[in-house]
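So that the names make sense, note that chain A is the first sequence line, chain B the second, and so on, each numbered from 1.
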Protein chains: 2
Amino acid sequence: MNTAPARWLSDDEQRIWRSYLHATTLLEDHLDRQLQRDAGMPHIYYGLLVALAEAPQRRLRMTELAMQSKITRSRLSHAIARLEKNGWVRREDCPSDKRGQFAVLTDAGAEVLARTAPGHVAAVRQALFERLSPEQQKALGEIMQIVAEGLQPGDAGADLPWLR
Amino acid sequence: MNTAPARWLSDDEQRIWRSYLHATTLLEDHLDRQLQRDAGMPHIYYGLLVALAEAPQRRLRMTELAMQSKITRSRLSHAIARLEKNGWVRREDCPSDKRGQFAVLTDAGAEVLARTAPGHVAAVRQALFERLSPEQQKALGEIMQIVAEGLQPGDAGADLPWLR
DNA sequence: CTCCGTTTGTTTAAGTTTCAAGAAGAGGCT
DNA sequence: AGCCTCTTCTTGAAACTTAAACAAACGGAG
């Protein structure tokens, strides 16, 4: 229950918020379609492969991968099951913690990434970076950094030197 | 087929893009949870009720509602079916076009909106506007406007009733 | 008027995500 | 050792989204 006077959004704020909603849903749909068509998987799954490709030994613990990707472990479990069925990822037991599992990028997975990354990058570039001035790009980065930090306090300053 | 040299993202661009992905997924999850808890529906469904509430006669043709909300007609069809089951929306035949359907906000739907809007606005405010300077808010609006326009050319400032 | 391509909205099935519950190991405490 | 609690990851069912196929109605051309 909230006794404070419910403050609505100003006209400016409403415009900004709606632009945000439109742009983010359109962009997500756009990239999802692009990747579904060219790589046979949705955007999030692609992100999982990227995270694995960048990790040492091409492998990550399930929990760490889930956190990096901002998804629940449950969702990750299903997702990895699917990627495993595609032969792009394989699971390995963790020797030091018998509860643990590693998700490991297979050669086939790396190959899919190598084949589809250029097209995806091009799509991102064309939909976002090519349309924004350098100042706007910089502002966007700062804004999104602030928003993310606000919603997930604690993972920030750790490895983000540019935020001070 | 693309013969151009596949240009990867620069370090700066990568940081910006990752911040974007993190922030947008976190914010979407955050608002989805908030609305699921307080209003019993996901964010998109809430947006449909808002669109109807703002429309003349509290009603919109399915196609128009789908376009305003940036979703497919198929998805809308399912969504309205669910909202109808909740008693928040009802369908009405269009007299002038026998294929057409109106989605109409019911009193119960309006009541749900009135009850839950303040909490939702507060969540948006707290997660976004309270953390950004006026300049950043302005920049965000411009950036998102550009991105949306790029992905859906033709619906720009043209018809935005909320634009007053 | 009939034909033909388009628009409107729904439906089915397959895939994805969420939620709640649960199995199993880790780790501490007595 | 036994017990308790937390963490890790998985499972199954329900909800949601997507893609493709579809029926019905529209509307223009011949």
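Look at CG on A/Leu60: it is 11 Å from P on D/dC9, rounded to the nearest Å. Atom-to-atom, CE of B/Met41 to P of C/dT18 comes out at 18 Å; the value is rounded to the nearest Å. In this structure, CG of A/Leu48 is placed 12 Å from P of C/dT16, rounded to the nearest angstrom. The distance from atom CD of A/Gln34 to atom P of D/dT18 is 16 Å, rounded to the nearest whole Å. Distance B/Leu65 CG to C/dT8 P: 14 Å, rounded to the nearest Å. Look at CD on B/Gln101: it is 14 Å from C1' on C/dT7, rounded to the nearest Å. The distance between atom CD of A/Gln36 and atom P of D/dT17, rounded to the nearest whole Å, is 16 Å. Atom NZ of B/Lys98 is separated from atom C1' of D/dA23 by 16 Å (rounded to the nearest Å).
Within the structure, a side-chain polar atom (N or O) of B/Arg75 is placed less than 4.0 Å from OP1 or OP2 of D/dT17. Here B/Arg73 does not reach the OP1 or OP2 of C/dT7: none of its side-chain N or O atoms lies under 4.0 Å away. Within the structure, every side-chain polar atom (N or O) of B/Arg99 is placed at least 4.0 Å from both OP1 and OP2 of C/dT10. Between B/Arg33 and C/dC19, a side-chain N or O to OP1/OP2 separation shorter than 4.0 Å is present. Considering only side-chain N and O atoms, B/Thr63 lies under 4.0 angstrom from the phosphate OP1 or OP2 of C/dG9.
Comparing C/dT10, D/dA25, D/dT8 by their nearest atom to the side chain of B/Met62 picks out C/dT10.
Nearest-nucleotide positions on DNA chain C place B/Asp97 closer to the 5' end than the other of A/Pro95 and B/Asp97. Nucleotides of DNA chain D nearest to A/Arg61 and A/Asp32 differ in position, and the one nearer the 5' end is that of A/Arg61. Annotation: of the two residues near DNA chain C, A/Ser96 and B/Glu64, the 5′-most nearest-nucleotide partner is B/Glu64.
Residues satisfying the ring pair (Phe, Tyr, Trp, His ring centres under 6.0 Å) test with A/Tyr45, not counting sequence neighbours, are none.
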- request: Applying side-chain contact (heavy atoms from CB on, under 4.5 Å), run through B/Ile71 and B/Ile44 and close with a yes or a no.
  value: CA-CA 9 Å; B/Ile71 64 178; B/Ile44 292 238; 4.1 Å; yes
task: In sequence, state the C-alpha distance, the side-chain angles, and the governing distance for B/Glu92 and B/Arg90, and then conclude on salt bridge (Lys or Arg N to Asp or Glu O under 4.0 Å).
output: CA-CA 7 Å; B/Glu92 269 184 29; B/Arg90 114 182 80 86; 2.4 Å; yes
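Nearest heavy atom pair, residue B/His30 against residue B/Ala127, reads CD2-CB, 4.3 Å.
Residue A/Phe102 is out of contact with every strand shown, counting any heavy-atom pair closer than 4.0 Å.
With A/Val147 as the partner, the side-chain contact (heavy atoms from CB on, under 4.5 Å) test is satisfied by one option alone out of B/Leu26, B/Thr24, B/Leu128: B/Leu128.
A donor-acceptor contact under 3.5 Å is not formed by the side chain of B/Ser74 with the base of C/dT10.
Near-neighbour residues of DNA chain C inside residues 77-94 of chain A, defined by a heavy atom below 4.0 Å, number-ordered: A/His78, A/Arg82.
A 4.5 Å side-chain heavy-atom check between A/Pro42 and A/Leu35 finds every atom pair outside the cut-off.
If you take CD on A/Gln14 and CD1 on A/Ile16, they are separated by 10.5 Å, rounding to the nearest 0.5 Å.
Of the N and O atoms on the side chains of A/His43 and A/Glu28, not one donor lies less than 3.5 Å from an acceptor on the other residue.
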